[in-house]
2 protein chains.
Amino acid sequence: MTERDRTGPEADAFDLGAVFPALADRHRRSVMTELAADCGDSERGCNSFDLPVSKQTQTHHFRVLREAGLIDEIDYGNRKGIRLRRADVEKRFPALLALLKAEAAGGTAPR
Amino acid sequence: MTERDRTGPEADAFDLGAVFPALADRHRRSVMTELAADCGDSERGCNSFDLPVSKQTQTHHFRVLREAGLIDEIDYGNRKGIRLRRADVEKRFPALLALLKAEAAGGTAPR
DNA sequence: CTTTAGGTACGACTTGAGTCGTACCTGATC
DNA sequence: GATCAGGTACGACTCAAGTCGTACCTAAAG
């Protein structure tokens, strides 16, 4: 169960009860917006998102995103990689990523 | 501004920063799921949703949905009608309603 | 006019989520 | 081995959000 926890739930186990709360937070949504905009599923470092919170809080946010099934966290021990689960997300919620990209483009003033 | 407040924001003023938190709540999402499933934009009564909360709380939830631009509240004085803003929502978030319908169909166990 | 049902306004309570401080772990570098 | 940077675990704090109690408003029915 340890390895599976690191990679999040299966694609068919996605639950809107987890996805919507995950995307309700401003910081997590900004992470997903960035990931959605990067068309290559390139792996990114945790601190490449420039979140204005402490690293403990970042750990918390990335965990929420992982448990919602939106990202994978690749553990290198003293380093961590973040990768969008684009295929799974697109399969389950076809327009979700487009939605997030629209936010970045539309520029609706962030509260 | 009074009448506009009753009918929610314009379609182009939709903000994901309001939509996602609105749908993060279990009760509000169940309301939206029911509305999405009803293909005719029929007006529904407030208590036709059978929410397990007091009427004060229902007032609160419907307000949040209205302020997010997802529904209209028609005020009859001592009675109130709820109507999904299907056209506006579809225009801005094409697959959002399909997403909610999927939750009802997929039957992902509600927490 | 009185009563009644549905809805709202305001305020208070309570739970949950976001946040950080401290301590500890891991792997790389010296 | 010692040091250091990145990440995690645990706990505590704080604030927002969901909830309800009381009081008041509105329109319809008697």
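No hydrogens, no waters, no symmetry mates; every other heavy atom, side chains included, goes into these values.
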Phosphate-side-chain proximity, [X] and [N], N/O vs OP1/OP2 below 4.0 Å:
X	N	value
B/Arg63	C/dA9	yes
A/Thr57	C/dC20	yes
B/Thr59	C/dT8	yes
B/Arg26	D/dG18	no

Between the protein and nucleotides 21-26 of chain D, which nitrogen or oxygen pairs come in under 3.5 angstrom?
residue	atom	partner	partner atom	Å
D/dG21	N7	B/Gln56	NE2	2.5
D/dT22	O4	B/Gln56	NE2	3.4

For this session: Could you please spell out the steps behind the side chain to side chain contact (heavy atoms under 4.5 Å, CB included) verdict for A/Thr33 and A/Lys101?
Result: CA-CA 6 Å; A/Thr33 299; A/Lys101 270 190 273 192; over 6 Å; no
Problem set entry | Nearest non-hydrogen partners of B/Ser48 and B/Gly45, listed with the distance | OG-O, 2.7 Å
For this session: Indicate the ring-plane relationship of A/His61 and A/His27, choosing parallel, tilted or perpendicular according to the 30° and 60° boundaries.
Result: perpendicular
Exercise. Do side-chain atoms of A/Arg86 reach the backbone of A/Leu35 as a donor and acceptor pair under 3.5 angstrom?
Worked result: yes
Problem set entry | Whether B/Arg66 side chain and B/Glu73 backbone form a donor-acceptor pair below 3.5 Å | no
Problem set entry | Nucleotide D/dT8, atom C1' - distance to CD1 of A/Ile82 in whole Å | 13 Å
For this session: Using whole Å, report how far CZ of A/Arg29 lies from C1' of C/dA17.
Result: 15 Å
For this session: Remember a base hit wins even if backbone is also touched, and classify A/His27 as base, sugar-phosphate or nothing at under 4.0 Å, heavy atoms.
Result: sugar-phosphate
For this session: Give one of base, sugar-phosphate or nothing for B/His61, where a contact means two heavy atoms less than 4.0 Å apart.
Result: sugar-phosphate
Seminar exercise, completed: Among C/dT19, D/dG18, D/dG7, the one nearest any side-chain atom of B/Asp25 is D/dG18
Exercise. Residues two or more places apart in sequence or in another chain: which of them pass salt bridge (charged side-chain N to carboxylate O under 4.0 Å, His left out) with A/Asp38?
Worked result: none
